[in-house]
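A short worksheet on the structure shown next.
Every chain is numbered from 1, with letters handed out A, B, ... down the list of sequences.
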Amino acid sequence: MPELPEVETTRRGLAPHVEGRRVTGVVLRRPDLRWPIPPQVSNALPGQRIDAVRRRAKYLLLDTAVGSALLHLGMSGSLRVLPADTPLRAHDHVDLALDTGRVLRFNDPRRFGCLLWQPVGETHELLAGLGPEPLSDAFDGDYLYRLSRGRRAPVKTFLMDQAVVVGVGNIYAAEALFMAGIAPLREAGKVSRERYRRLAEAVKAILGYAITRGGTTLRDFISPDGAPGYFEQELSVYGRDGEPCRACGRALRLSTIGQRASVWCPACQR
DNA sequence: AATACGCCCTGCTGGC
DNA sequence: TGCCAGCAGGGCGTAT
């Protein structure tokens, strides 16, 4: 489920229920998700107050005075705040009990997500090599242009590289390239500065818009079924291979790029 | 350094 | 109807 807009939506939904609250207990029903859950989560976190819920890339950070719990939702993870006596469902792997009598519950069928720990003042290795936030001023067309010189990988692969820019997953990469009129297989190093400017603007526009759409799911956030689907009707290319381009009517094409399905318009994208 | 690819895991869909 | 291959919104680790 989660790309950056959904992680940000999760953060916004969580914050009012979690910020300022104290963690009264941790229940791990599995010792590991993608990686083993480090002992600090059980040892250091209980008793701490969560001062802030932050997002970096697709990671959520629960900040306390001694360190931050670091969560990634992978491809199938979700977080909900629930009454402590809410019956468990399959794949409810972790509960953080809060002093409000509620629990922050982490569910993740595929277990591609993780729960890690970052001591105060340190940056976890996984966060160290990440590129800029796409909605920050550090990310713009000139940045993409500079970084892409000499790169022979397809521009879509380049855009999805978390060391280049974070948070752009398979859906939004496809959508942004369509909006910018750039063919996803084009060599990253051969895209002009002007076109990278359009691409950066497209990334910002689409992610920003999707976050506002995610906002509409906020009110359901606590409800048992928080399945969003907020963006689906508005997709231009993702998942629409063979269907007509909404702009020109040509059949959209499917290519596999970097082992990911990639749909694009052979007429509108060059 | 950049690139290519296998792989972690479960659940669902579509074709037979 | 049942079965199973293929695929899914991510991204790390390793080899080249």
If we ignore hydrogens and angles and just use 3.5 Å, is the side chain of A:Arg54 paired with the main-chain N or O of A:Asp63 as donor and acceptor? no
For C:dG9 versus B:dT3, give the span between their C1' atoms, rounded off to a whole number of Å. 23 Å
In terms of side-chain geometry, is the basic nitrogen of A:Glu8 or A:Arg12 positioned less than 4.0 Å from the acidic oxygen of its partner? yes
Rounded to the nearest angstrom, tell me the gap between atom CD in A:Gln259 and atom C1' in B:dC8. 14 Å
Under the 6.0 Å and 45° cation-pi test, does A:Arg149 pair with A:Tyr145? yes
Of all the nucleotides listed (B:dT3, C:dG9, C:dC12), which has the minimum atom distance to the side chain of A:Trp35? C:dC12
Nearest-nucleotide comparison on DNA chain C, the residue closer to the 5′ end among A:Tyr238 and A:Leu126: A:Tyr238
A:Lys204/A:Glu201 ion pair, N-O < 4.0 Å: no
Taking atom P in both C:dC12 and B:dG11, what distance in whole Å separates the two? 24 Å
Can you tell me how far C1' of C:dC12 sits from CG of A:Leu73, to the nearest Å? 17 Å
C:dG9 - base-pair partner by Watson-Crick or wobble geometry, distances under 3.5 Å: none
Base, sugar-phosphate, or nothing: which does A:Arg260 touch, judged by heavy atoms less than 4.0 Å apart? base
Basic-acidic side-chain contact under 4.0 Å: A:Arg197, A:Asp140: no
Quick one: on DNA chain B, does A:Arg151 or A:Ala90 contact a more 5' nucleotide (nearest heavy atom)? A:Arg151
Using a 4.0 Å heavy-atom cut-off across all strands, classify A:Phe158 as base, sugar-phosphate, or nothing. nothing
Would you indicate which nucleotide in B:dC8, C:dA8, B:dG11 comes nearest to any side-chain atom of A:Phe112? B:dC8
What is the nucleic acid contact for A:Arg34, judged by heavy atoms within less than 4.0 Å: base, sugar-phosphate only, or nothing? base
When rounded to whole Å, the CZ to C1' distance for the pair A:Arg111 and C:dG10 reads 16 Å
A:Arg110 or A:Gln162: which one's nearest nucleotide on DNA chain C is closer to the 5' end? A:Arg110
Please give the distance between the P atoms of C:dC7 and B:dC5 as a whole number of Å. 16 Å
Provide, to the nearest angstrom, the distance between the CZ atom belonging to A:Arg149 and the C1' atom belonging to B:dA1. 17 Å
Between B:dA2 atom P and A:Leu147 atom CG, what is the distance in whole Å? 8 Å
Could you check how far NE2 of A:His124 sits from C1' of C:dG11, rounded to whole Å? 14 Å
Roughly, in whole Å, what's the span from CG in A:Leu130 to C1' in C:dG11? 11 Å
Paired to B:dC9 by Watson-Crick or G-U wobble criteria (both distances under 3.5 Å) is none
Could you tell me whether the side chain of A:Arg195 and the main chain of A:Gly181 form a donor-acceptor pair under 3.5 Å? yes
Rounding to an integer number of Å, can you tell me how far A:Met75 CE sits from B:dT10 P? 14 Å
Does A:His72 put a side-chain nitrogen or oxygen below 4.0 Å from OP1 or OP2 of C:dG10? no
Determine the Euclidean distance between corresponding P atoms of B:dG6 and C:dG6; express it in Å to zero decimal places. 14 Å
In terms of side-chain heavy atoms of A:Pro109, which of C:dA8, B:dG11, C:dG10 is nearest? B:dG11
